[in-house]
Amino acid sequence: MTMAGPVTAPGFTDVFVGRGGQLELFARGLADRRCRGFVVAGSAGVGKSRLVEECLARAEGTGLRVARATASAAARSVALGAIAHLVPAGVDLSDPVVGFAAVARRLAGPDGRALVLLIDDLHLLDAASAVLLRQLMDAGVVRLLGTLCTGAPVGEAVDALCRGDTVWRVELAELDRGEAEELLRAVLGGPVAQWAVRELHAACGGNVLYLRELVTGALERGALVSDGEIWQLERGPVRGTARLAELIGARLAAAGRAARPVLELLALCEPLPLADAEQAASPAVVAALESAGLVRAGLDGRRTSVALAHPLYGEVLRAELPVLRRRELLVRQAARVEARGLKRRDDALHVASWRLAATGTADPAMLVRAAAQARYAHDYRQASLLLGALPEEHHTTATRLMLGETYFELGDPQRAEAVLAVAAAGAASEQDRLAVAMARSFNLFWGAAQPDDALKVIDAARAQVTTADGLRMLDHNEGSMRIASGEPVRGLSLLEDLEEDIHQAPDPVAWLTGAMMKPLGLELVGRTGDAVAWAERAHAAHLTVGHQTLCPHPAVQLTLVNHALSSHGRLAEAREAGLRGYAELAGASTTPVHQIWLAFSLGRTEWLAGHPASARRWYAEAAALARTHQHLRPLGPALSGLAACAAVLGDLDAAEQACAEARNCLWPDVFAGEELLGEAWLHAARGHFAQARTVLTGAARRARAAGLGTPEAMLLTDVARLGGAKEVSGRLSELARHSDSTLTRAGARLAAALAADAPDQLLAVAAVFEQAGADLQAAESAAAAACAWQRAGRARRATAAAGRAAALAGRCERARTALLTAAAPTAALTAREREVALLAAAGTRSKDIADGLQLSVRTVNNHLQHAYAKLGVTTRRELATALDRRVQADAGGLTQLLNSDTAQPSGSRTSA
């Protein structure tokens with residue numbers, strides 16, 4: 001896919017998201033006669049002005065008269081300066097009674113409804129204007145709509161204007177991460193990678209103004225780009241525009257010269273103990289900075305610490321610091337902490353990092369200690385910087401092992417192998433040789449995608465290891481690689497004696513390596529319940545030792561939890577585990593490698609759930625991250641999944657583009673057959689069902705040859721969904737007998753029911769799929785039942801099944817498949833039938849309906865019976881449910897979809 005170049009910065013004022021609750025509160029205020037004013041308070045840049053503009057438009061849309069007034073520092077110096085344009089010419093306000101009456105007559109509307117007056121920055125309003133406005137509000141002539149900057153000094157008159165039971169006040173908070181993502185998607189016109197959302201939200205602190213400037217700056221530099229599927233942000237500091245730096249710089253400068261030293265120190269070394277901050281500036285200055293909202297204080301254990309109130313303050317301050325001033329501050333703070341004896345756990349990490357940044361060197365022992373702390377905290381970038389500064393003569397096998405593992409985590413397997421090869425040559429003890437061999441094989445297999453070389457390293461290590469525990473560790477390591485290579489039976493045999501309790505294992509890292517892949521092996525052979533148990537056990541164990549070993553972040557284990565739960569047929573739980581893991585990985589200073597695999601796994605979860613738009617977004621994120629970081633193993637599977645989703649959504653151009661790129665990718669053997677998923681569904685979207693089935697059955701044969709029972713069952717289930725139920729029913733039944741997966745068993749039941757054209761069985765299997773969270777397959781099963789009932793001449797049952805299919809399909813994000821579009825068309829209600837049905841569903845008696853519509857009772861009952869037949873119901877309670885389903889279906893365009901004459905979607909590209 002081609003990368004888009006820099007684009008023109010979007011207008012944030014063109015979109016409005018994330019403030020729906022406040023807007024609805026304003027609408028309720030308009031409807032409440034007791035409400036005389038609506039004030040939105042919040043910090044500068046939080047989006048107050050955008051919200052009140054939307055409120056003013058809402059008021060105008062309801063037919064109310066609206067007006068504006070401008071409060072400013074300049075207008076405040078003149079009495080009534082803000083609202084002079086509202087005062088009739090010649091009115092003498094020195095007489096309050098006569099003057100007020102004249103203004104009230106001028107502003108009063110012919111319908112008696114109040115004028116909605118918008119005033120931004122009420123804190124800048126002059127006292128005379130505030131007093132007059134309060135009088136007009138109390139008289140019901142004006143309804144105030146205004147903004148107020150939190151923390152700004154407010155005069156007595158303005159305070160009275162904004163308070164009281166008749167003035168509704170909203171404190172507008174910064175955007176949370178979900179709201180920021182919604183805003184970014186609306187502004188950029190497409191989904192944004194979770195990494196980018198997290199970085200932008202963290203940098204702006206939820207401030208809409210800052211977010212706009214960050215996005216503008218990133219777009220102008222080409223740091224924020226789209227590959228046609230998703231927006232990605234380049235790694236590194238998030239920098240905004242010159243305007244943003246000026247805005248923040250002006251605010252910081254307003255704190256005064258006395259505050260500058262402590263602000264600069266915080267920019268380099270935050271958080272600081274309060275005592276250290278008060279050495280850089282007086283306690284009064286630090287307290288004033290907190291009152292002004294420039295710093296925040298909090299408890300860190302039993303110690304009070306101080307930090308800058310916004311992440312961008314540090315960026316601006318650091319950019320302005322001269323080199324020698326920066327060096328002076330860092331060295332002085334390092335000396336302070338050293339003088340206290342490095343008592344706190346992270347003191348060594350801080351001191352080493354500060355001295356390294358200041359002078360380019362630090363005490364070797366402290367560098368090693370600090371690097372270990374950074375490594376255990378999963379801050380791999382900092383760990384690599386610290387170890388990279390270690391003089392060569394101070395390196396040991398342990399430090400090289402740590403550095404090699406750090407490079408792997410940073411997605412640089414070539415540098416990792418170079419360092420680990422040196423470590424292997426210098427390893428003197430059997431324990432060291434074993435540790436390096438484990439790390440090298442892991443890096444070669446997972447990072448460099450060189451499985452043969454990885455297995456050679458393991459074989460060579462076996463010749464040098466003599467202990468039984470050491471040989472078992474090598475077996476477990478090989479077992480995990482065999483599973484990932486598509487040899488689950490062989491891999492599981494090597495992992496058969498893996499301890500169930502990590503504390504019984506001789507080495508926790510080796511145990512975690514095996515425990516991370518054993519769930520996948522169990523899942524592939526159909527033991528999905530055991531896979532879930534092992535995955536959850538591995539995650540729980542990882543949490544207990546995560547800070548004691550050189551191993552990845554514990555959230556990595558949630559990838560396997562997500563994958564196993566998905567295959568087991570517990571899709572809602574799988575989604576929750578995956579999202580939790582992704583949030584933890586994105587929030588830690590970890591490599592994107594693990595995020596890539598978890599994004600892919602989340603895409604697979606949503607695909608199995610029948611949510612192609614959500615799946616497409618996760619597959620796109622996995623693919624974009626894989627390209628950016630040259631981690632090629634997950635790229636092919638992600639692109640194939642993306643293609644399948646795009647095809648089901650009718651976006652055939654995108655599906656073809658993703659398929660073309662996937663054909664040139666390196667494929668992990670564990671995904672044998674799945675590389676053709678996108679190709680198959682693209683054929684199906686074009687109406688070439690025979691070709692789609694041929695592709696899928698070929699892929700299923702490959703999976704069967706490798707012993708991949710669960711993937712084979714999923715592929716064969718797709719064959720059944722695309723018209724090949726009779727051909728695959730037998731094999732699916734055989735697979736179901738050896739699997740505990742709900743999805744495998746439901747797939748076998750679906751194929752058998754389709755082959756037998758048995759509508760009752762199809763409806764039963766629809767319930768199983770729905771319970772598992774597989775919405776699309778549930779909808780297809782119900783739709784197939786509707787077709788079967790229609791062929792059997794059972795129109796009422798066909799209509800009821802079609803209604804159920806429509807309700808289920810409403811959850812499937814506009815997916816379009818052959819079984820859905822083949823559902824029998826249902827007869828539409830006439831206008832009179834619908835009218836009668838709605839009244840009956842509301843509980844109105846037939847006689848009352850007849851009287852109201854001036855019909856005979858017999859005619860009403862005839863209309864009602866026709867509606868019953870068309871909707872497939874027999875009682876008024878069922879009628880209400882069916883009518884509600886139909887309203888939902890009509891709203892989503894599903895009636896048209898179900899009544900389509902062809903199962904072949906248009907080839908035109910549509911938005912997902």
- prompt: When you measure from the side chain of Asp412 to the backbone N and O of Tyr407, does any donor-acceptor pair fall under 3.5 Å?
  reply: no
query: Just one of Phe600, Trp597, Trp618 clears the ring pair (Phe, Tyr, Trp, His ring centres under 6.0 Å) bar with Tyr582, so which one?
result: Trp618
- prompt: Is there a donor-acceptor pair under 3.5 Å between the side chain of Glu478 and the backbone N or O of Asp475?
  reply: no
message: Strictly distance-based, threshold 3.5 Å: is any side-chain N or O of Arg381 a donor or acceptor partner for the main-chain N or O of Leu410?
response: no
message: Using a 3.5 Å distance criterion without hydrogens, assess whether the side chain of Asp276 forms a donor-acceptor pair with backbone atoms of Pro273.
response: no
query: Using the ring of each side chain (for Trp, its six-membered ring), is Phe442 parallel, tilted or perpendicular to Trp446, with breaks at 30° and 60°?
result: tilted
query: Is Arg177 paired with Glu181 through a side-chain N to carboxylate O contact shorter than 4.0 Å?
result: no
query: Would you find a donor on one side and an acceptor on the other, under 3.5 Å apart, between the side chain of His568 and the backbone of Thr742?
result: no
- request: Tell me yes or no: between the side chains of Arg604 and Ser567, is some donor less than 3.5 Å from an acceptor?
  value: yes
- request: Assess the pair Trp607 and Tyr619: is the distance between their ring centroids shorter than 6.0 Å?
  value: no
message: Quick one: does any side-chain atom of Thr628 pair with a main-chain N or O of Ala624 as donor and acceptor, under 3.5 Å?
response: yes
- request: Heavy atoms only: give me the nearest Ala541-Ile502 pair and the separation to one decimal.
  value: CB-CG2, 3.7 Å
- prompt: Judged by modelled atom types alone, do His378 and Tyr380 share a side-chain donor-acceptor pair under 3.5 Å?
  reply: yes
- request: Only counting residues at least two apart or in another chain, list the ones meeting side chain to side chain donor-acceptor pair (under 3.5 Å) with Gln373.
  value: none
- request: Please test Ser601 against Thr559 for side chain to side chain donor-acceptor pair (under 3.5 Å), starting from the C-alpha separation and ending with a verdict.
  value: CA-CA 7 Å; Ser601 193; Thr559 303; over 6 Å; no
message: Test of understanding: with side chain to side chain donor-acceptor pair (under 3.5 Å), list the residues that count as partners of Glu338, not counting sequence neighbours.
response: Arg355
field: Asp469 side chain to Pro506 backbone, donor-acceptor under 3.5 Å
entry: no
query: Backbone N or O of Glu487 within a donor-acceptor pair of the Ser485 side chain at under 3.5 Å?
result: no
query: Within the side chain of Thr710, is there an N or O that forms a donor-acceptor pair under 3.5 Å with the backbone of Glu523?
result: yes
- prompt: side-chain hydrogen bond (donor to acceptor under 3.5 Å, both in side chains): which pairs involve residues 499-521, sequence neighbours left out?
  reply: Arg472-Glu499
field: N/O donor-acceptor pair under 3.5 Å between His201 side chain and Leu175 backbone
entry: yes
